[in-house]
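I have placed the structure first, in the form of structure tokens, so that the comments after it can refer back to it.
No hydrogens, no waters, no symmetry mates; every other heavy atom, side chains included, goes into these values.
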Amino acid sequence: VTDGTLTNTQINASAAIAASKLGTMATANMPAGSVIQTVSVNITSDAYTSATSATALSAFDLTITPSAASSKILYNVTGGHQSYASASEHLKIWFYTSINGGSFSNANPAGGASTWQYSHMGGDAWGHPMAHSILLSPNTTGAVIFRPYYSTHDGSGNVFFSSNPNVWTATALEIKG
């Protein structure tokens, strides 16, 4: 190395370089699509209702605060234990967001009362997990809160969004824009 520059061809493929010599990469230098931040929550609580209107599950909130307004947020939900207490029932699920302290609104691209899931909970469908993904471009560096809502179709029995000891996991990833 004569000019202070080291190229890849000058490094032996088996060379072990200490992590302390590599440093860290600033977020500004990361390419678009890089994961900048991850937050998650695991819940094993029972959550059930016989309500026929969308009922908030604030105990299942997940908050992420983007570091840049150009970031996207990927929200993933897995697990849980969707089921019914008696008779055949229908479970409706929505995911709402609050952006930068605003009111909660349906994150479904169709908006309004459009559900993310509408499941018939009867017969042999008792107790199945869920999996959903939402990609948002919130255009803020303020808090983004994800909150599930749920209801039953006709109120004739309880439906479970989650049932202990099954684990319901929500994860939010900030992705560089």
Side-chain angles (χ1 to χ4, degrees), residues 32-33 35-85 88-122 125-164 166-177:
V35 174
I36 298 171
Q37 174 187 179
T38 303
V39 295
S40 65
V41 62
N42 293 312
I43 296 176
T44 57
S45 310
D46 285 342
Y48 60 90
T49 188
S50 61
T52 56
S53 59
T55 303
L57 282 161
S58 57
F60 289 66
D61 283 5
L62 182 65
T63 303
I64 187 168
T65 304
S67 61
S70 60
S71 293
K72 295 184 182 315
I73 306 297
L74 179 61
Y75 176 73
N76 293 305
V77 176
T78 59
H81 182 81
Q82 302 169 45
S83 61
Y84 61 97
S88 179
E89 198 45 79
H90 295 89
L91 171 68
K92 297 181 193 178
I93 297 174
W94 298 262
F95 292 99
Y96 280 54
T97 56
S98 168
I99 298 174
N100 203 21
S103 59
F104 281 89
S105 61
N106 191 351
N108 189 314
S114 300
T115 60
W116 279 95
Q117 180 175 330
Y118 187 98
S119 299
H120 177 254
M121 307 301 287
W126 193 87
H128 59 276
M130 71 179 89
H132 297 282
S133 293
I134 301 168
L135 183 63
L136 290 180
S137 299
N139 194 30
T140 187
T141 55
V144 177
I145 304 170
F146 293 88
R147 177 177 292 167
Y149 282 67
Y150 70 138
S151 77
T152 179
H153 174 69
D154 63 10
S156 64
N158 286 330
V159 289
F160 285 78
F161 178 83
S162 186
S163 180
N164 186 18
N166 299 286
V167 177
W168 181 89
T169 301
T171 305
L173 307 171
E174 179 183 0
I175 300 172
K176 185 174 180 185

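- Taking CD1 of I64 as the start and OG1 of T97 as the end, the distance is 13.0 Å to the nearest 0.5 Å.
- Nearest approach of P148 to F95, heavy atoms of both residues: CB-CE2, 3.8 Å.
- The closest donor-acceptor contact from the side chain of N106 to the backbone of Y96 lies at 3.5 Å or more, if one exists at all.
- Inter-residue side-chain proximity for I43 and V41 is flagged as met; some heavy-atom pair is nearer than 4.5 Å.
- With Q37 contributing its side chain and I175 its backbone, the two residues share no donor-acceptor pair below 3.5 Å.
- For the residue pair P66 and S71, the shortest heavy atom distance occurs at CB-CB, 4.4 Å.
- Side-chain contact of K72 with S137: a donor-acceptor pair under 3.5 Å is present, judged by distance alone.
- Nearest approach of I73 to A172, heavy atoms of both residues: CG2-CB, 4.2 Å.
- Of all heavy-atom pairs spanning V39 and T63, the tightest one is CG2-O, 3.5 Å.
- Between W116 and H132, the ring-plane angle classifies as perpendicular under the 30° and 60° cut-offs.
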Can I get a per-line list of side-chain donor-acceptor pairs under 3.5 Å for residues 48-59, giving both atom names and the distance, sequence neighbours left out?
{"unit_1": "T49", "atom_1": "OG1", "unit_2": "A51", "atom_2": "N", "d": "2.9"}
{"unit_1": "T55", "atom_1": "OG1", "unit_2": "S53", "atom_2": "O", "d": "3.1"}

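- Two rings, from F60 and W168, have their centers less than 6.0 Å apart.
- A side-chain N or O of S133 and one of N76 form a donor-acceptor pair less than 3.5 Å apart.
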#### Entry: Step-by-step side chain to side chain contact (heavy atoms under 4.5 Å, CB included) determination, T38 to T171
CA-CA 7 Å; T38 303; T171 305; 3.8 Å; yes
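- Taking OG of S151 as the reference point, atom CG of L91 lies at 7.5 Å (rounded to 0.5 Å).
- With hydrogens and angles left out, the side-chain atoms of E174 and S67 include a donor and acceptor closer than 3.5 Å.
- The two atoms that bring A143 and T65 nearest to each other are CA-OG1, 3.7 Å, heavy atoms only.
- Taking the side chain as every heavy atom from C-beta outward, L136 and F146 approach each other to under 4.5 Å.
- In terms of modelled atom types and a separation under 3.5 Å, the side chain of N108 and the main chain of A113 share no donor-acceptor contact.
- Residues G142 and N100 come closest through the heavy atom pair CA-OD1, 3.3 Å.
- A cation-pi geometry, defined here as NZ or CZ lying under 6.0 Å from the six-membered ring centre and within 45° of its normal, holds between R147 and F104.
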